[in-house]
Number of protein chains: 4
Amino acid sequence: MTGIGHNTIAGDRLKSFIERVERLEGEKAEVSGQIKEVYAEAKASGFDAKTIRKVVGLRKKPTEERQAEEALLDRYMYALGMAALEE
Amino acid sequence: MTGIGHNTIAGDRLKSFIERVERLEGEKAEVSGQIKEVYAEAKASGFDAKTIRKVVGLRKKPTEERQAEEALLDRYMYALGMAALEE
Amino acid sequence: MTGIGHNTIAGDRLKSFIERVERLEGEKAEVSGQIKEVYAEAKASGFDAKTIRKVVGLRKKPTEERQAEEALLDRYMYALGMAALEE
Amino acid sequence: MTGIGHNTIAGDRLKSFIERVERLEGEKAEVSGQIKEVYAEAKASGFDAKTIRKVVGLRKKPTEERQAEEALLDRYMYALGMAALEE
DNA sequence: AACGCATAAGTAAGAC
DNA sequence: GTCTTACTTATGCGTT
């Protein structure tokens, strides 16, 4: 305690929180690196990484929801005379 | 005081650059606000803003390129047994 | 009314919204380009663009608020034994 | 080779890549959640999460580099007559 | 429940 | 050419 009301912060607790965050961010960065590696590997195997990203994104949503969104998009595109997405 | 070796920075020029940036950022913020307004208006008219965003995004790319990407995505989806995008 | 119940979307209104957005996004991109130019010019004049960005960011907040945040940061840093920001 | 020349994509390999990415993204999301929890806990303990974020950010850079950047920022601020950061 | 903030993701440009 | 860095957009979260 330094005395008269400033810097009475509980440094130890603060430090603990910060170190926990840092540790977790380290783990997160590791995982991000592994994801990059997978994409690099896929690319080296002849796949298109960008398209794989799209697929991964699409799979995050339930099929039903995805199809509904796709259908709405098609309707908009059609209304604009840009119906490139459908057959 | 430009004399004793520190803070000899040309404050006027610096200030000029900063004010130019600030002015431009102001304009940019204004335009961003107007874009938001358009989306709000579209929503109020019964359109889905998110889908409009998608359309705007799609229109940024040349038709040909967009279709090629779409086709590749379809092939990947098909290979995965998720061929929801096509008819 | 096109007839059989789908794609009755008001294509004209939709198109109008989209074109307004596109026009505004065009303006926005222009302004973004001008901002970039200013930074490039500043850099060419020997200034550090990154630092200028920081200054611009700091100036967005009222002085008072900024100083309060800075003071709190200093206290945290001090509590951690990292009091590099103050003299 | 499934047959007549299209969709000869190696679905199994593709699927494998995608599932690896998805698994890793799952892990990443978990870690992100844990980081959030730490911030929530810190907040509940009376700390300011935003400031902690700043501290974590500052600690990412070597002390020396951080101080050099800080010094430059101070010089710019001083040149602008905004020397709020120093004493 | 809507609004703005804050994080995360994707994209594009620049440095090595 | 790769790899990082910065910008833009999009989504999610907390707030009011």
Side-chain angles (χ1 to χ4, degrees), chain A residues 21 24-25 28-29 31-33 35-41 43-44 48-61 65-66 69 73, chain B residues 21 24-25 28-29 31-33 35-40 43-44 48-61 65-66 69 73, chain C residues 21-22 24-40 42-44 48-54 56-57 60-61 65 69, chain D residues 21-22 24-44 48-54 56-57 60-61 65 69:
Chain A
V21 170
L24 289 166
E25 287 200 353
K28 196 173 157 185
V31 178
S32 294
I35 292 173
K36 274 195 165 185
E37 282 173 35
V38 176
Y39 280 117
E41 211 182 310
K43 185 184 174 186
D48 181 66
K50 194 173 166 183
T51 305
I52 294 183
R53 283 182 193 277
K54 279 190 210 167
V55 173
V56 171
L58 289 172
R59 281 163 63 103
K60 279 179 185 160
K61 297 199 172 175
E65 193 180 339
R66 183 172 73 240
E69 290 180 4
L73 177 59
Chain B
V21 170
L24 290 166
E25 287 200 352
K28 195 173 157 185
V31 178
S32 293
I35 292 173
K36 276 195 164 183
E37 282 174 34
V38 176
Y39 280 115
K43 186 183 173 185
D48 181 66
K50 194 173 167 184
T51 305
I52 294 183
R53 284 181 193 279
K54 279 189 209 167
V55 173
V56 171
L58 289 172
R59 282 164 62 102
K60 279 179 186 162
K61 294 198 174 176
E65 192 179 339
R66 182 172 75 238
E69 290 180 4
L73 177 58
Chain C
V21 169
E22 284 174 339
L24 290 166
E25 286 199 353
E27 289 180 30
K28 194 173 160 188
E30 235 181 283
V31 177
S32 293
Q34 289 169 346
I35 292 173
K36 275 195 167 183
E37 281 174 34
V38 176
Y39 280 116
K43 186 182 174 185
D48 181 65
K50 194 172 166 183
T51 305
I52 294 182
R53 285 182 192 279
K54 279 189 209 167
V56 171
K60 279 179 185 159
K61 296 199 172 176
E65 193 180 338
E69 289 179 6
Chain D
V21 169
E22 284 174 339
L24 289 166
E25 287 199 352
E27 290 180 31
K28 195 173 159 186
E30 236 181 283
V31 177
S32 293
Q34 289 168 345
I35 292 173
K36 278 196 166 183
E37 282 174 34
V38 176
Y39 280 116
E41 211 183 310
K43 186 183 174 185
D48 181 65
K50 195 172 164 185
T51 305
I52 294 183
R53 284 182 193 279
K54 278 190 211 167
V56 170
K60 278 179 187 160
K61 295 201 172 173
E65 193 180 337
E69 290 180 4

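Order of the sequence lines fixes the chain letters, A, B, ..., with proteins taken first and strands second; residue numbering starts at 1 for each chain.
The stretch residues 27-34 of chain C touches DNA chain F through Lys28(C), Ser32(C), each having a heavy atom within less than 4.0 Å of the strand.
With sequence neighbours excluded, no residue satisfies side-chain hydrogen bond (donor to acceptor under 3.5 Å, both in side chains) with Glu37(D).
A distance of 14.0 Å separates CG in Leu24(A) from NZ in Lys36(D), rounded to the nearest 0.5 Å.
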N/O donor to acceptor pairs below 3.5 angstrom from side-chain atoms of residues 52-61 of chain B, sequence neighbours left out:
{"unit_1": "Lys54(B)", "atom_1": "NZ", "unit_2": "Glu69(A)", "atom_2": "OE1", "d": "3.4"}
{"unit_1": "Arg59(B)", "atom_1": "NE", "unit_2": "Glu22(C)", "atom_2": "OE2", "d": "2.7"}
{"unit_1": "Arg59(B)", "atom_1": "NH2", "unit_2": "Glu22(C)", "atom_2": "OE1", "d": "3.1"}
{"unit_1": "Lys60(B)", "atom_1": "NZ", "unit_2": "Glu25(C)", "atom_2": "OE1", "d": "3.1"}
{"unit_1": "Lys61(B)", "atom_1": "NZ", "unit_2": "Glu69(B)", "atom_2": "OE1", "d": "3.3"}
{"unit_1": "Lys61(B)", "atom_1": "NZ", "unit_2": "Glu69(B)", "atom_2": "OE2", "d": "3.0"}

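Nucleic acid contact class of Lys54(D) (heavy atoms, under 4.0 Å, all strands): none. In this structure, Lys60(A) reaches neither bases nor backbone, as no heavy-atom distance under 4.0 Å exists between it and the strands shown.
Taking every nucleotide of DNA chain F with any atom under 4.0 Å from a non-hydrogen atom of chain D, the first and last of them, 5' to 3', are dC13(F) to dT15(F). The nucleotide range of DNA chain E contacted by chain A, defined by atoms under 4.0 angstrom from heavy atoms of the protein and reported 5' to 3', is dA8(E) to dT11(E).
Closest-nucleotide positions on DNA chain F for Lys61(A) and Lys50(C) were compared, and the one nearer the 5' end corresponds to Lys50(C). Residues Gly57(B) and Lys36(C) each lie close to DNA chain F; by heavy-atom proximity, the contact nearer the 5' end of the strand is made by Lys36(C).
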